[in-house]
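Working notes, beginning with the structure itself.
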Number of protein chains: 2
Amino acid sequence: MKNSVVEFTIGELAGEADCKVQTIRFYEQIGILPNAQRTDGGHRVYGREDLRRLHFVRRCRGLGFSLDQIRVLLTLVDGGAYTCGEVLALTLEHLAEIQAKLADLKRMEQALEDMAAQCKGGTIPACPVIDVLLDA
Amino acid sequence: MKNSVVEFTIGELAGEADCKVQTIRFYEQIGILPNAQRTDGGHRVYGREDLRRLHFVRRCRGLGFSLDQIRVLLTLVDGGAYTCGEVLALTLEHLAEIQAKLADLKRMEQALEDMAAQCKGGTIPACPVIDVLLDA
DNA sequence: CTACGACCTCCAGTGGCTGGAGGTGCAAGA
DNA sequence: TCTTGCACCTCCAGCCACTGGAGGTCGTAG
């Protein structure tokens, strides 16, 4: 049955995975996606498995994993021999990174709010924000 | 009195402002800092005013302002004709960016925590984290 | 005067794409 | 069958904010 082999052009794949065509070519180039099959004319052709993999990558990116971290996750998945512990370790490591960034941003937020609170706006040709930044 | 004119080498300036020598040269190159004075031999020489400006830039960067935003702030300061309102507007705009990033990261944190909670670790050759990512 | 570290310029690389130039494939309508 | 026109192709440059290295020069302490 031919229709068990669903095929996509790169544009369709991009549509399904909600990313740009260039991004897919880029992933192929850096080895995150395998070299795609081609038509006689050289156009890339994809199947369900490719879509699944791309979805995985995009979901990981959406969670802030770097492409290097994703490469590791993919290696685990590709090998099929990953253990829950390995995956958990990577996840927790990434969670720690996220939490560090959160802490940084919260500090920035607080500092900006404090500065903004001092500033009355208006057309006064002076500003406590600048004063603080110039001579803290 | 000569010692009212404090002078720094680029290395000393970097030390004072807690940044790298290359970063200072980079700031000069892109016009964030003015072209430095030079010794006969071509080494850069800096004074108090340069240090103040660099401090300003580094503090802004520490708060997450982009170099483009800093360029605007510097133009205001340089003109000397800035108003509190202008500065407040830029500050609030940047605050909104920060808060958007915070919201993103909090979502990621939550998602990662949820996934990690499902994962029992250990040597089981399967993982709910991967399952979710592959087939959400 | 010599040694050595700090300085100089210029260029390439980072991450994760994005966009453009210039050319070709493919499918639908006339 | 031919043409139109869009989607595809490759290759290369650019974004941000630095960072690092190669290869060479300056300045100063001993």
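For the numbers below, each heavy atom of this structure counts, side chains included, while hydrogens, waters and symmetry mates do not. Each chain gets a letter, A, B and so on, in the order its sequence line appears, and its residues count up from 1.
Between A:Arg44 and B:Thr23, the residue anchored closer to the 5' end of DNA chain D is A:Arg44, taking for each the nucleotide with the nearest heavy atom. Along DNA chain D, the nucleotide closest to B:Gly42 and the one closest to B:Ser66 are compared, and the more 5′ of them pairs with B:Ser66. Residue order along DNA chain C, read from the 5' end via each residue's closest nucleotide, puts B:Val21 first among A:Leu67 and B:Val21.
What separates CD1 of A:Ile70 from P of C:dG15 is a distance of 13 Å, to the nearest Å. A straight line from NZ of A:Lys20 to P of C:dC17 spans 12 Å, rounded to a whole angstrom. Atom P of nucleotide D:dC16 and atom CZ of B:Phe65 are separated by 17 Å, given to the nearest angstrom. A:Gln29 places its CD atom 13 Å from the C1' atom of D:dA13, with the value rounded to the nearest Å. Atom CZ of B:Phe26 and atom P of C:dC7 are 19 Å apart (whole Å). Distance CZ (A:Arg61) to C1' (C:dG16): 6 Å, rounded to an integer number of Å. With rounding to whole Å, B:Arg38 atom CZ is found 4 Å from C:dT9 atom P. Atom CG in A:Leu54 sits roughly 11 Å away from atom P in C:dC17 (whole-Å rounding).
Close to D:dC26, at under 4.0 Å from its OP1 or OP2, lies no side-chain N or O of B:Thr39.
With contacts defined as side-chain heavy-atom distances shorter than 4.5 Å, the pair B:Phe8/B:Val45 does not qualify.
Note on B:Arg25: a base of the nucleic acid sits closer than 4.0 angstrom, heavy atoms only. Among the atoms of the strands shown, only primed sugar atoms or phosphate atoms (P, OP1, OP2) are found under 4.0 Å from some heavy atom of A:Tyr27. No contact: A:Ile30 has no heavy atom under 4.0 Å from any strand. Residue A:Arg58 is classed as a sugar-phosphate contact, given heavy-atom separations below 4.0 Å to backbone atoms only.
A:Asp135 and B:Arg52 are joined by a salt bridge, as a carboxylate oxygen and a charged side-chain nitrogen come within less than 4.0 angstrom of each other. Between B:Lys106 and B:Glu109, no side-chain nitrogen of the basic residue sits less than 4.0 Å from a carboxylate oxygen of the acidic one, so the salt-bridge criterion is not met.
Atom CD of B:Gln37 has 12 or fewer heavy atoms from other residues, nucleotides or ligands within 6.0 Å.
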Any chance you could lay out the side-chain contact (heavy atoms from CB on, under 4.5 Å) test for B:Glu28 and B:Arg44, step after step, and finish with the verdict? CA-CA 11 Å; B:Glu28 180 180 319; B:Arg44 290 174 179 81; 2.9 Å; yes
